[in-house]
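See structure below.
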There are 2 protein chains.
Amino acid sequence: MSTSPSTVPPGPDAAGIGRRLRALREERGLSLSLVARRAGIGKATLSGLESGTRNPTLETLWAVTAQLGVPLTAVITGAGGGATVRGTAVAATLLEVFTEAGASYELYRMVVPPGTTQTSPAHHAGVTEHVTVFAGVLRAGPLDAPLVAAAGEHISWCSDVPHGYASIGADEVRATLLIRYPRG
Amino acid sequence: MSTSPSTVPPGPDAAGIGRRLRALREERGLSLSLVARRAGIGKATLSGLESGTRNPTLETLWAVTAQLGVPLTAVITGAGGGATVRGTAVAATLLEVFTEAGASYELYRMVVPPGTTQTSPAHHAGVTEHVTVFAGVLRAGPLDAPLVAAAGEHISWCSDVPHGYASIGADEVRATLLIRYPRG
DNA sequence: CCCGGCCGTTCCGTTTACGGAACGATGTCA
DNA sequence: TGACATCGTTCCGTAAACGGAACGGCCGGG
């Protein structure tokens, strides 16, 4: 369309925001017209917003996300940085830390490029890892007894032994990784 | 315009965003003029932004936060509400939305007070839910075949049938809830 | 003292994101 | 088959967010 994607003037990812908005709307089975009307904005505005051809004001974006029942941050994540840990294969972004009476938890967003493998030394006793795969196929777990999960599946293991992560097939693996550290 | 004094028209908390921007700038010992110049925006814009009297576009806000070295989400979190969905028993806060080729995912932080129960109607076909429990004991899943998970455990089920969530025992249940919506 | 520089705010003309209306496409029913 | 509703996109006048310039206030140096 208008701008060649080669030289993107750095800025918020309007196209990505548009894609997320459209996905959220369609998940809910709502029409563009209906959402625009409920949000009190013009159809033209929402149309241009979803196609990524506008640079919305906060107020406009808020009206839409509120109508879809998601926080503003749900559509603009990916813009800006969080703490990202990079290994030989795995890139993990810390989303949140939960501290409970008996244990603490770290929740990561994880990406494993196709055809790559990474191994990790044993953690402390009792540490467990829980992975839910979004896309691709992941083999992970103890090196001597790995598990496999495809999109939509979940695996977990005790990581107090050497363990690893590997993508299987041609697709990048995307997943959440939850690590549980028992108190002590 | 400015005045709508009694009832604040629901929207992003412009005043709060302005306060956070100004705080971030002053923490760094930078002048308004300097930040505006570096961000490539007018001083008038930044001034109005910090005082909460403007409704910035995403691009403008991004230019400023990028210059301050923080993600966009750093200034808008808590603005207009982190969307928390409350049911009869479950309080769920949406942490993030992941959109993939074949499906999209919503990741929630979930709390179930002791001794409470909630049921949910069936979702669309193919929707699955994945729960990892941090604290307490949770019984959840299809009403006719519920599953049980204690701290550190994970359960998942197909939620295209009526399903429910209930805390067991005296402790509040804390968990993450990941809902998968297949495309189509 | 006066001057030059920088501060943050206000004024103002320009740019652009906004919503309403018109449009072609598609689906449903008599 | 035509009448009608609703879909999402495009056109266009208007409202408002934008950047530049001017303003008063505050310092430090000559």
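As the structure is a computational prediction, the values presented were derived from the model and not from experiment. Numbers restart at 1 for each chain; the letters A, B, ... are given by sequence-line order, proteins then strands. Computed over heavy atoms, backbone and side chain alike; hydrogens, waters and symmetry mates excluded.
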Go through dT9(D), dC7(D), dC18(D) for me and flag the one nearest to the Leu32(A) side chain. dT9(D)
Any side-chain N or O of Ser33(A) under 4.0 Å from OP1/OP2 of dC7(D)? yes
Using a 4.5 Å side-chain heavy-atom cut-off and chaining through intermediate ILVMFWY residues, the residues clustered with Leu143(B) come out as none
Anything under 4.0 Å to a heavy atom of chain A counts; send over the first and last such nucleotide of DNA chain C, read 5' to 3'. dA17(C) to dG20(C)
Anything under 3.5 Å between a donor and an acceptor, one on a side chain of residues 34-47 of chain A, the other on a protein residue two or more places apart or in another chain? List them.
none

Could you list who else is in Val137(B)'s hydrophobic cluster, with ILVMFWY side chains joined at under 4.5 Å, directly or through other members? Val148(B), Ile168(B)
By nearest-nucleotide position on DNA chain C, the 5'-leaning member of Ala44(B) and Gly42(A) is Ala44(B)
Under the side chain to side chain contact (heavy atoms under 4.5 Å, CB included) test, which residues partner Ala89(A), sequence neighbours left out? Val112(A), Thr116(A), Gln118(A)
Distance check needed: dC18(D) P versus Leu58(B) CG, whole Å only. 11 Å
With side-chain hydrogen bond (donor to acceptor under 3.5 Å, both in side chains) as the rule and sequence neighbours excluded, what pairs involving residues 138-152 of chain B come up? none
Among dC18(D), dT9(D), dC7(D), the one nearest Thr60(B) by side-chain distance: dC18(D)
Which residues satisfy the side chain to side chain contact (heavy atoms under 4.5 Å, CB included) test with Ala149(B), sequence neighbours excluded? Val133(B), Glu153(B), Ile155(B)
Comparing Thr57(B) and Glu26(B) on DNA chain C - which has the more 5′ nearest nucleotide: Glu26(B)
What residues join Val111(A) in its hydrophobic cluster, counting side-chain heavy atom gaps under 4.5 Å, either direct or through other members? none
Val127(A) backbone acceptor or donor facing Ser159(A) side chain under 3.5 Å: yes
So if I take residues 45-55 of chain B and measure heavy-atom distances to DNA chain D, which residues fall below 4.0 Å? Thr45(B), Arg54(B), Asn55(B)
